[in-house]
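Here's the structure, in structure tokens; my notes come after.
Note that the coordinates shown come from a computational prediction; the quantities given were computed from them, not determined experimentally. A note on names: the letters A, B, ... follow the listed sequences, proteins ahead of strands, and every chain is numbered from 1.
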2 protein chains.
Amino acid sequence: MPTTELYPSPESGAAQSIATGIYRELETMIIEGALAPGDRINEKSFADQRGISRGPIREACRRLEEAGLVEFKVNRGFFVRVLDLREVLEIYDVRAALFAHAGRILARRITGDQLAELTALHEEMEAAVEAREADSFYTLNRRFHSSIMAFTRNGHLADIYEGLDRELHIWRKRALILDGNVRASSAEHGLILEVLRNGNPSRIAQVLRDHSLAGRNRLLRTMPEQVAKLQTDWDDD
Amino acid sequence: MPTTELYPSPESGAAQSIATGIYRELETMIIEGALAPGDRINEKSFADQRGISRGPIREACRRLEEAGLVEFKVNRGFFVRVLDLREVLEIYDVRAALFAHAGRILARRITGDQLAELTALHEEMEAAVEAREADSFYTLNRRFHSSIMAFTRNGHLADIYEGLDRELHIWRKRALILDGNVRASSAEHGLILEVLRNGNPSRIAQVLRDHSLAGRNRLLRTMPEQVAKLQTDWDDD
DNA sequence: TTTCCAAAAATTGTTGACACTTAACCCCGC
DNA sequence: GCGGGGTTAAGTGTCAACAATTTTTGGAAA
């Protein structure tokens with residue numbers, strides 16, 4: 001074991017600033033729920049716990065601020081962002097459009113290997129459904145989606161989708177925890193694979209879009225009270 | 001006049017951290033071209049010039065990093081991001097999809113007032129075209145686009161679109177500077193208004209998408225040499 | 001001249017300190 | 001008990017200093 005290092009040593013491979021590490025740590029804590037929406041990120045205690053100063057922590061928080069995971073209030077600090085239902089619907093809406101767009105790209109770009117990869121993931125998910133392993137399904141599901149986005153070979157598209165997913169993370173987990181929901185979601189994946197093999201662009205786009213919106217609707221059904229409170233005119237088209 | 005203040009005084013209205021101000025300043029400098037792609041942001045001289053310390057500057061740069069306007073290299077600092085043509089095409093692709101999506105939303109949501117607002121902007125742009133005021137056209141054009149996105153009432157959609165626009169800014173300005181380009185662009189705006197009044201969702205989406213891609217193609221024509229260098233398989237659908 | 005290398009200068013990475021603001025506490029009068 | 005109001009504690013905002021790294025410089029050798 002190396003002696004305590006002031007900076008990450010060149011040979012240790014890391015070669016990154018503390019801020020980057022803290023960024024990842026905070027991101028994970030927010031996504032995993034260790035930090036709940038509304039929580040303040042206490043710079044001082046966070047720094048003291050890790051034996052570092054507040055500078056890098058503030059830098060990490062600024063990045064999270066721009067990513068929309070954290071909110072900054074002058075003289076009060078950084079708070080884990082609270083998403084109201086209205087914003088959740090907004091995000092799902094954009095997300096569905098991007099997923100559909102990915103479908104149109106994939107219609108003329110997806111390879112046999114990629115289809116095989118998705119099929120394998122789908123089979124693992126089916127197994128997870130049968131075994132009632134919701135967490136495992138959730139992880140595989142993320143990989144399924146992010147693989148699809150990666151196959152578009154449009155890094156910006158994939159990044160933006162990933163960013164939206166990250167903002168939704170806590171809520172989506174809640175929606176997928178119900179057994180009936182994972183079952184329905186998995187069935188939709190089967191349909192996605194089917195149309196991807198077929199190759200009709202508009203049909204693929206439609207199926208991917210429907211899958212996104214179905215996910216949104218599954219989430220909404222877990223929270224009828226918030227939905228009732230929302231008197232806007234969103235609908236499915 | 002207040003004496004020199006260590007912090008922005010509460011009554012001065014600003015009530016924001018220095019980092020936020022620097023963020024805006026750097027953003028503007030990058031967009032306006034005062035900082036060119038590849039330039040390093042010299043923390044020390046930037047801080048000294050403004051009589052502040054490097055902390056807030058680094059915080060601002062971290063936000064710009066997450067926004068994709070700046071790139072961070074360990075021990076070397078922050079550099080204005082260099083977009084290669086490949087990335088420009090990626091961004092245009094996503095941007096067009098989002099613009100089309102906005103069109104589908106507006107098909108059932110746009111109001112008479114909003115149409116009037118867009119029409120007014122269009123007329124100003126037509127005047128700018130005749131007067132050969134490229135800069136003025138460029139500004140109005142941005143307002144035209146961002147108004148359309150704002151009318152969707154989806155803040156995330158508008159923000160993401162804005163972010164992509166910001167990344168493209170320098171390149172787009174280059175494309176629009178040519179007289180023929182502003183003329184074509186303005187004509188397309190006329191068509192957009194026409195279909196928005198009509199209200200057919202798919203048609204609107206298609207026209208908005210075409211306008212985005214036409215802008216992309218206008219840009220490509222200003223740089224035939226880079227296009228030739230790019231041996232990938234992007235096309236128009 | 002060109003290339004290489006070491007010393008110097010410039011710049012980044014991080015810290016600890018202090019000014020300032022907000023939040024918590026406690027005591028008092030009711 | 002239970003609101004005010006002032007005092008204390010906690011936490012943020014910024015800075016200046018120093019360690020570590022990168023870049024520049026200025027020769028010396030080929």
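- Electrostatic pairing of A:Arg81 and A:Glu65 does not count as a salt bridge here, judged by no charged N lying under 4.0 Å from a carboxylate O.
- A:Arg76 meets the side chain to side chain donor-acceptor pair (under 3.5 Å) test with no other residue; sequence neighbours excluded.
- Annotation: salt bridge (charged side-chain N to carboxylate O under 4.0 Å, His left out) contacts involving residues 27-40 of chain A, sequence neighbours excluded, comprise A:Glu27-A:Arg166.
- Going from atom NZ of A:Lys73 over to atom P of D:dG13 covers 13 Å, rounded to whole Å.
- Evaluation of the salt bridge (Lys or Arg N to Asp or Glu O under 4.0 Å) rule for A:Arg221 yields no partner, not counting sequence neighbours.
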Would you tabulate the nitrogen or oxygen pairs shorter than 3.5 Å linking the protein to nucleotides 8-11 of chain C?
unit_1: C:dT11; atom_1: OP1; unit_2: B:Asn42; atom_2: ND2; d: 3.0
unit_1: C:dT11; atom_1: O3'; unit_2: B:Arg40; atom_2: NH1; d: 2.8

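- The backbone N or O of B:Met149 lies less than 3.5 Å from a partner atom in the side chain of B:Thr152, making a donor-acceptor pair.
- In this structure, the side chain to side chain donor-acceptor pair (under 3.5 Å) partners of A:Tyr161, at least two apart in sequence or on a different chain, are A:Arg95, A:His145.
- For A:Ala19, the side-chain contact (heavy atoms from CB on, under 4.5 Å) criterion is met by A:Ser17, A:Pro56, A:Glu59, B:Arg62, not counting sequence neighbours.
- Rounded to an integer number of Å, the gap from A:Ile18 CD1 to C:dT12 P is 17 Å.
- Five base pairs at each end of the helix from C:dT1-D:dA30 to C:dC30-D:dG1 define two local axes, and these are offset by 10° (rounded to 10°).
- Between the CZ atom of A:Phe72 and the C1' atom of D:dT14 there is a distance of 12 Å, rounded to whole Å.
- Note on B:Phe46: nothing from the nucleic acid sits closer than 4.0 angstrom, heavy atoms only.
- In this view, A:Arg142 and A:Tyr138, A:Glu162, A:Asp165, A:His169, A:Arg172 satisfy the side-chain contact (heavy atoms from CB on, under 4.5 Å) rule, not counting sequence neighbours.
- Under the side-chain contact (heavy atoms from CB on, under 4.5 Å) criterion, A:Thr222 pairs with A:Arg174, A:Leu178, A:Asn181, A:Leu219, not counting sequence neighbours.
- Atom pair B:Ile52:CD1 and C:dA19:C1' shows a separation of 17 Å (rounding to whole Å applied).
- Applying the side-chain contact (heavy atoms from CB on, under 4.5 Å) criterion to A:Asp84, with sequence neighbours excluded, gives A:Arg86, A:Glu87.
- Contacts of residues 54-63 of chain B with DNA chain D (heavy atom under 4.0 Å): B:Arg54, B:Pro56.
- Sorted by first and then second residue, the ring pair (Phe, Tyr, Trp, His ring centres under 6.0 Å) pairs involving residues 44-77 of chain A (not counting sequence neighbours) are A:Phe72-A:Phe78.
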